[in-house]
Amino acid sequence: MIDTTLNNAKLNKTMRNVIQSLSSQQLDEILTNQPDDIFLLDVREASEVSICHLPQSIHIPMNLIPLYLDKIPDNKMIVIYCHHGIRSLNVALYLIDNGFDESQIYNLKNGIDDWAQNIDKTMIRY
């Protein structure tokens, strides 16, 4: 049992290293300078989106991603975010497993909570 847990932990660490991360500052710069080159995907629940969100984002809850793969462009940089960056990391892995180019997939490091702390300090945190 312990060996399996350790192997899963190593696998999870390896998979996380496959996904590129963006800091809130990097995302802010991209949204300022190249807003048309990015698809910003919010994978949180609707109740979370009602608290705060990035205006440029498209909301598809994590559990509905398999139903809406055709709504996600494959010709743009895709930045995925959630509250703290864990669900979005899992969605990033799922997209890559389903044929999306890993060089186009990014996870917002520490999620929208980091954005609220460092970029938009007026944003409600939860």
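If you're wondering where the values come from, they're calculated on a predicted model, not measured in any experiment. All residue numbers refer to positions in the sequence shown, counting from 1. Values below: every heavy atom of this structure, side chains too, minus hydrogens, waters and symmetry copies.
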Between Ile65 and Asn98, does a side-chain contact (heavy atoms from CB on, under 4.5 Å) hold up when you go through it step by step? CA-CA 11 Å; Ile65 292 293; Asn98 281 275; over 6 Å; no
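Cluster membership check: Leu69 shares its hydrophobic cluster with Ile58, using side-chain heavy-atom separations under 4.5 Å among Ile, Leu, Val, Met, Phe, Trp and Tyr. No continuous path of ILVMFWY side-chain contacts below 4.5 Å connects Ile96 to Val79, so the two sit in separate hydrophobic clusters. When hydrophobic clusters are built by joining Ile, Leu, Val, Met, Phe, Trp and Tyr residues whose side-chain heavy atoms come closer than 4.5 Å, directly or via intermediates, Leu40 is grouped together with Leu22. Residue Phe39 is not grouped with residue Leu108 when hydrophobic side chains (ILVMFWY) are merged at heavy-atom distances under 4.5 angstrom, including chains of intermediate members.
Identified under the salt bridge (Lys or Arg N to Asp or Glu O under 4.0 Å) test for residues 18-28, with sequence neighbours left out: none. Legend: salt bridge (Lys or Arg N to Asp or Glu O under 4.0 Å) pairs involving residues 80-94, not counting sequence neighbours, sorted by first then second residue: Glu48-Arg87. Each ring pair (Phe, Tyr, Trp, His ring centres under 6.0 Å) pair with one or both residues in residues 88-126, not counting sequence neighbours, appears once here: His83-Tyr126. Residue pairs satisfying the side-chain hydrogen bond (donor to acceptor under 3.5 Å, both in side chains) criterion with at least one member in residues 57-69, sequence neighbours excluded, are listed as follows: Ser57-Tyr81.
A distance of 4.0 Å separates CD1 of Ile19 from CG of Leu93, quoted to the nearest 0.5 Å. In this structure, the separation between CD on Gln25 and CD1 on Ile30 is 12.0 Å, given to the nearest 0.5 Å. Going from atom CG of Asp42 over to atom CD1 of Ile60 covers 10.0 Å, rounded to the nearest 0.5 Å. Atom CG of Asn110 sits about 13.0 Å away from atom CD1 of Ile112, to the nearest 0.5 Å. Distance check, rounded to the nearest 0.5 Å: CD of Gln26 to CG of Leu31 gives 12.0 Å. Atom OG of Ser103 and atom CD of Gln20 lie 6.5 Å apart (nearest 0.5 Å).
Heavy atoms from other residues, nucleotides or ligands lying under 6.0 Å from CD1 of Ile124 number 12 at most.
Cys52 approaches Arg44 most closely through the heavy-atom pair O-NH2, 2.6 Å. Here the closest heavy-atom approach between residue Cys82 and residue Val43 is recorded as CB-CG2, 4.0 Å. When all heavy atoms of Ser24 and Gly111 are compared, the pair lying nearest together is OG-O, 4.4 Å. Nearest heavy atom pair, residue Ser50 against residue Ser47, reads OG-O, 2.7 Å. Considering every non-hydrogen atom in both Asn107 and Leu89, the closest pair reads OD1-N, 3.4 Å.
Under the 4.5 Å side-chain criterion, counting only non-hydrogen atoms from C-beta, Ile80 is in contact with Leu95.
Under the rule for a salt bridge (charged side-chain N to carboxylate O under 4.0 Å, His left out), the partners of Asp113 that lie at least two apart in sequence or sit in another chain are Arg125.
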List, one per line, each side-chain donor-acceptor pair under 3.5 Å for residues 70-78, sequence neighbours excluded.
| residue | atom | partner | partner atom | Å |
| --- | --- | --- | --- | --- |
| Lys76 | NZ | Asp36 | O | 3.2 |

